[in-house]
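The analysis underlying the following values was restricted to heavy atoms, covering all of them including side chains, and did not include hydrogens, waters or symmetry mates. To find a chain, count down the sequence lines: A is the first, B the second, and so on, and within it residues start at 1.
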Amino acid sequence: MTYAPLPREFYDRDSVVVAPELLNKVLRSGGRAGRIVEVEAYRGSVDPGAHSYRGCTPRNAVMFGPPGHLYVYFTYGMHWCANAVCGAVGEGLAVLLRALEPLAGEDEMTAARGPAARRSTDLCSGPAKMAQALGITGNLNGTDIISGADGVVIVDDGTPPPARPVQTTRVGLSAGAEHPWRWYVAGNPHVSRP
DNA sequence: ACCGGGATGTTCT
DNA sequence: GAACATCCCGGTG
């Protein structure tokens with residue numbers, strides 16, 4: 001067991017390459033951790049579904065910064081979602097972390113999620129559920145997930161990515177919905193939707 | 001099981 | 001003023 005943080009070179013590539021390789025890595029936030037089982041790639045100026053499509057704004061500035069940082073955004077008036085920034089500075093690439101299989105801190109996750117989470121598959125089976133379960137909000141936007149200095153890090157525990165991940169179109173988009181840039185671990189019950 | 005609507009506030013047109 | 005990388009609850013079958 002190595003539990004090595006993913007290095008900068010891992011993130012410094014196109015998000016469409018990084019995304020499927022993030023499957024089966026471990027996201028840790030303080031004492032809570034889970035295996036990444038569902039991701040989506042967002043691709044900047046070529047992707048009308050990406051927040052970064054129309055260029056840098058105060059909201060999406062972190063997406064245009066260095067890879068290996070966390071981009072956290074607020075949506076629908078109540079939900080936070082978290083991405084791993086990829087690619088070179090200025091490209092606006094990121095991978096949305098959509099679902100985890102809980103590995104540690106399940107009691108904290110359950111407390112954070114509230115009464116709606118009755119089963120372990122309710123804890124992190126969606127991007128906003130995952131952020132809520134792990135206590136990730138806007139105050140972690142821009143933090144370094146290579147050093148993990150602010151408590152959030154992605155590590156490799158030695159489990160390889162699935163040889164044959166399921167690839168589909170992304171969830172919840174109007175623009176850019178045709179691109180097949182979502183991947184998940186086949187058969188995993190913690191995925192947001194099959 | 002599946003579907004429809006409401007919550008709730010930031011961001012950008 | 002509209003859209004929004006969502007989720008939850010209550011209806012019906």
Q: C:dC8 C1' sits how many Å from A:Arg119 CZ, rounded?
A: 13 Å
Q: With a 4.0 Å cut-off on heavy atoms, is A:Arg182 in touch with a base, just the backbone sugar-phosphate, or nothing at all?
A: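 Nothing, no nucleic acid heavy atom in range.
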Q: Could you tell me how far apart A:His79 (NE2) and B:dA7 (P) are, to the nearest whole angstrom?
A: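 After rounding, the gap between these two atoms is 13 Å.
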Q: Any donor-acceptor pair under 3.5 Å linking the side-chain atoms of A:Arg43 with those of A:Ser15?
A: no
Q: Is the cationic atom of A:Arg13 (NZ for Lys, CZ for Arg) positioned less than 6.0 Å from the six-membered ring centroid of A:Phe10 and within 45 degrees of its normal?
A: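 Relative to the ring axis of A:Phe10, which defines the angle, A:Arg13 lies inside both limits.
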Q: Given C:dA5, C:dT6, B:dT8, which nucleotide is nearest the side-chain atoms of A:Met78?
A: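 Nearest nucleotide to the side chain: B:dT8.
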Q: Please report the shortest heavy-atom distance between A:Pro165 and A:Leu23, naming the atom on each side.
A: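 Minimum heavy-atom separation between A:Pro165 and A:Leu23: CB-CD1, 3.7 Å.
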Q: Counting only heavy atoms not in A:Arg35, do more than 12 sit closer than 6.0 Å to its CZ atom?
A: yes
Q: Hey, does the side-chain of A:Tyr76 have a donor or acceptor N/O within less than 3.5 Å of a partner on the base of B:dA7?
A: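 A donor-acceptor contact between them is absent.
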Q: Are any of the side-chain heavy atoms of A:Pro189 and A:Arg119 separated by less than 4.5 Å?
A: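 Not in contact.
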Q: Taking atom P of B:dA1 as reference, at what distance in whole Å does atom CZ of A:Arg193 sit?
A: 15 Å
Q: Side-chain contact, heavy-atom cut-off 4.5 Å: A:Val37 with A:Cys124?
A: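 Not in contact.
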Q: Return the polar atom pairs (N/O with N/O) between nucleotides 10-13 of chain B and the protein under 3.5 Å, or none.
A:
{"unit_1": "B:dC12", "atom_1": "OP1", "unit_2": "A:Thr57", "atom_2": "OG1", "d": "2.6"}

Q: Output the rounded distance in Å from CG (A:Asn83) to P (C:dT6).
A: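 In whole Å, C:dT6 P lies 11 Å from A:Asn83 CG.
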Q: Rounded to whole angstroms, how far apart are CG on A:Leu96 and P on C:dC4?
A: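 For the pair A:Leu96 CG and C:dC4 P, the rounded distance is 16 Å.
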Q: Separation of A:Glu40 atom CD from C:dC4 atom C1', in whole Å?
A: 14 Å
Q: When you group the ILVMFWY residues by side-chain heavy-atom contacts below 4.5 Å and let the links chain together, are A:Leu27 and A:Leu103 in the same group?
A: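 No, separate clusters.
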Q: Walk me through whether A:Arg170 and A:Glu40 qualify under salt bridge (charged side-chain N to carboxylate O under 4.0 Å, His left out).
A: CA-CA 7 Å; A:Arg170 297 173 293 181; A:Glu40 286 176 357; 5.4 Å; no
Q: Specify the separation, in whole Å, of atom OH of A:Tyr71 and atom P of C:dA5.
A: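 Result: 9 Å.
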Q: Which whole-number value in Å describes the distance from A:Arg113 CZ to C:dT6 P?
A: 14 Å
Q: Out of C:dA5, C:dC8, C:dC7, which nucleotide sits closest to the side chain of A:Tyr73?
A: C:dA5
Q: For DNA chain C, what residues of residues 167-176 of chain A have any heavy atom nearer than 4.0 Å?
A: A:Val171, A:Gly172, A:Leu173, A:Ser174
Q: Mind checking whether A:His51 and A:Tyr71 have parallel, tilted or perpendicular rings, split at 30° and 60°?
A: perpendicular
Q: Find the partner of B:dG6: check Watson-Crick (N1-N3 plus N6-O4 or O6-N4) and G-U wobble (N1-O2, O6-N3) distances, both under 3.5 Å, and reply none if neither fits.
A: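 Partner of B:dG6: C:dC7.
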